[in-house]
Amino acid sequence: MRALVALRGRLAEPVDAASLAAFRVLLGTLLVAFLVRLWRKGVIEQAFVIPKLFFPLWGFGWLPPPGAYAYVLYAVLGVLALALALGLWTRAAAGLFCLLFTYAHSVDATNYLNHYYLVTLLTGLFAVVPTGGVGALCTRGGAHVPRWVLWLFRFQLGVVYFFGGIAKLKHDWLVLGQPLRTWLAANTDVFLLGPLFARADVALLMSWLGAIYDLTIPFLLCVRRTRPYAFVAVVAFHALTARLFMIGLFPYLMVAGSLLFLSPSWPRRLVAHLSGGAARDVAFRAAATEPLGARTIALLGAYVLVQLLAPLRHHLYPGHVLWTEQGYRFAWHVMLMEKTGTAEYTLVDRATGLRRVAFPRTLLTRAQTKAMATQPDMILQLAHALARRERAAGRDVAVYADVFVVLNGRPPRRLVDPAVDLAREPESLAPKRWLLPGPDESPSE
Amino acid sequence: MSPSVRRLLALLALAPVPLAGGSLLLTGACDIKPEEGYDRQAVLRGLTRDVIVPTYAGLADNTVTLQDACSALRAAPSAETLARARRAYESARARLKTSEAFAFGPIEDLALTAGAIDSWPADRDKLEAVVTGPGAVDPARVGTLGANQRGFPALEHLLYDSVAGDAAVLARFTDAATGARRAALTESVAIDLAGKCRAVASAWDLQAGYGRDLAEAGLAGTTFRTQSEGIDKVATGLVYVTELMVMRKLAGPLGVEVGGAPQPALEEAARSDLSLADLRDNLLGIRAIYEGSLGAGSGSGLAGPVRTLNPGVAARFEQALASALAAVDAVPPPFRVALVQNRASLEALYQSVRTLKQLIVTELAGTLGASLGFGYSDTD
């Protein structure tokens, strides 16, 4: 009990808000760069304007896709990200950014990425917790924040690493070295290291080191003595992954986030060092320390609990998470699989028995076709869309899927029971009984 | 810092060493092949130099021959000049259909092609309206027509009529009222087509064009950030052509999307009866990319790495490709007749190409470490 009281007091202690301010500036700047890049690459057109059919994340089916308004949406997001960087009405800018960004990436599961989820969480935190007013142009807030704010951000980033590491504790990753074997072998032209990437033992070694890195780095960043080495490791790790894989914002986001683990006053020291002066300590008045209220404790506890449990929810489902993908999203399953597939549907008219084939590609963009062919919830959504389309034409059809999937270099295998009428299977979070066993499972499992 | 914390930190710091050793032991225990890579640059250089660039160069040359043949037809319409124009058309078309196995880069660039090389089916009514209507008929006019009134489909409409017969086609060229305009249109379309194909071939230049970009993928200043992206492009091209064959060229006419009722209007080249030849040339294009050679021999294609990395996949792919080629040869020509009288042979062809497509997507691409480039965004 005494320890809890002490912890409560420690969480309420004021700390310098400078490192949070630096992170805010970096996050906002990275988001602006990210949005400009998406715009220039034509992603907005590809993701929102061209598609005629969308795959909303579960629970988000009521959201209308933005269509051509996506350009407006992304322009607004850019302005909000800039406002976040500058500290202009930080909480409002972050909150609106969080909502709009989440909306944009919930209307189609094709576009789901773990680090987009992280952006949602981080901007959400900037919206709801007090992050101070250091370096902000127009934001109320002082030079310090309660310690729990800084720890909450650190916790959030630590969760990404730690559960990313937990997710790697799988046969494919640790024994087969997959999918790194496949991905590294595609990088043999990398300067100096390239020839090594052709070696399976190097891929396996890197798999293990990657898992160890993920599992330990948040803790090593937290301990003063190991922090400098851990920070160097963070930079090296993410520089390498940024060079090897198309993971966009993620490595830069994580390097920026790791700065939160340094002394909260590091930006002041840096500025002082660069300007040749001595760092001025921020005076913390004892009066600034406010006890942590019960409501704050409850909300914090709930948030932390959700973040700790959500990545593990896939254990509630039968089968291998990489195969069924139930509980796969929002769980930091980062860079874990190389999965491709082909999908076709057969529509059988319940009245006449007439059989017709439906090719997803005739309804979807190439990116959607590629994504849906391996993701069971998207396979089901398309089956339902086909059935709805037929119903609109006055036909009641059964929908069967012919789906073959390759997971981490194994031979192709059927993913969906071809005898199950998917039109009659509900979209829900319940286990999908129509999925066939994955390649690591015996047929009896 | 307490001794226990220090011990823990030391353990964490040293952990990679025994784990690295353990990893290497595991490698041995799991019997993983030590070498997983292959020389992507050799493959890309070989394919660009020996397959892709020669095909587009051949297409450009053949369309110039076609242009000359159409000029001769215009100057003196006869059975001989018509036959010569058709021979030239078929040679050029064979190159085009071979190139569909690598239809990326300049051929996709609408600024170069305006989509006017092979947008099928042709809009016959509009073409006939040009023949019978007012206004000059010259390459400039053709340049203003829609994509489906230009290129190969337009020439097919003008040079062939599998139903009415050769005499009827020739009679249209000698018709007193419209023959001259028809011949002028034919020549103008051929000139327009040759220009487009020349532009594509030039853009594939090995020294400074897209040919260099693909062959030297990964070098600064090229389209491709890495050699791997070049391989991705090649693999994606194979998926594209098989998808085109399955969904449009076979499933369409077979009517598999509408319950099996034949859809003759959806056949690719019914007017010239070249649909089966087109399918065969598509398959030969796939084989050229796989073998790295346009002839019967083997060059620096995908076959070498695939056979080394995964002989099982190589065997399955080669078997599937051979089966598809045998299936196309087993269809009694022409396609439009087989569609009605020998549907089973076309269905067998459809299934064999479908199998080939599945193999490319699920096994061949994976063996090559290729990511099929349909995604526009990042991953994680």
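- Counting heavy-atom pairs closer than 4.5 Å to chain A, the top residue among Val256(B), Asp39(B), Ile231(B) is Val256(B).
- The minimum heavy-atom distance between Ser371(B) and Lys370(A), with the atom names listed, is OG-NZ, 3.7 Å.
- Heavy atoms from other residues, nucleotides or ligands lying under 6.0 Å from CZ of Arg395(A) number more than 12.
- Among the candidates His333(A), Glu338(A), Arg37(A), the residue making the largest number of heavy-atom pairs closer than 4.5 Å to chain B is Arg37(A).
- Atoms OG1 and CZ, on Thr362(A) and Arg248(B) in that order, are 12.5 Å from each other to the nearest 0.5 Å.
- A 4.5 Å side-chain heavy-atom check between Asp380(B) and Phe245(A) finds every atom pair outside the cut-off.
- Rounded to the nearest 0.5 Å, atoms CE (Met246(A)) and OG (Ser228(B)) are 11.5 Å apart.
- Of all the listed residues (Asp349(A), Leu249(A), Leu354(A)), the one sharing the greatest number of non-hydrogen pairs under 4.5 Å with chain B is Leu354(A).
- Taken from NZ in Lys339(A) to OG1 in Thr362(B), the straight-line distance is 14.0 Å, to the nearest 0.5 Å.
- Only the side chain of Arg354(B) comes within less than 4.5 Å of a heavy atom of chain A; its backbone N, CA, C and O stay farther away.
- No salt bridge links Arg225(B) with Asp189(A); every basic N to acidic carboxylate O contact stays at or beyond 4.0 Å.
- Across Val361(B), Val239(B), Ile360(B), a single residue satisfies side-chain contact (heavy atoms from CB on, under 4.5 Å) together with Thr342(A), and that is Val361(B).
- For the set Val190(A), Leu336(A), Val406(A), Val357(A), the count of heavy-atom pairs under 4.5 angstrom toward chain B peaks at Val357(A).
- For a heavy-atom cut-off of 4.5 Å, chain A lies close to no residue in residues 101-109 of chain B.
- Contact annotation for Thr346(A): neither backbone nor side-chain heavy atoms come within less than 4.5 Å of a heavy atom of chain B.
- When each of Gly409(A), Pro411(A), Ala371(A), Ala186(A) is scored by its heavy-atom pairs under 4.5 Å with chain B, the top score falls to Ala186(A).
- The neighbour count for Tyr252(A) OH, taken as heavy atoms of other residues, nucleotides or ligands under 6.0 Å away, does not exceed 12.
- Note that the CD atom of Glu344(A) and the NZ atom of Lys357(B) stand 5.5 Å from one another [nearest 0.5 Å].
- Nearest heavy-atom pair across Val246(B) and Phe359(A) is CG1-CE2, 4.0 Å.
- Here the side chains of Pro412(A) and Gln358(B) are not in contact, with every heavy-atom distance at 4.5 Å or above.
- The choice from Trp183(A), Tyr229(A), Phe404(A) that makes the most heavy-atom pairs within less than 4.5 Å of chain B is Phe404(A).
- Contact check on Arg366(A) versus Glu243(B) returns a salt bridge, with a Lys/Arg side-chain nitrogen under 4.0 Å from an Asp/Glu carboxylate oxygen.
- A distance of 10.0 Å separates CG in Asn187(A) from CD in Gln227(B), rounded to the nearest 0.5 Å.
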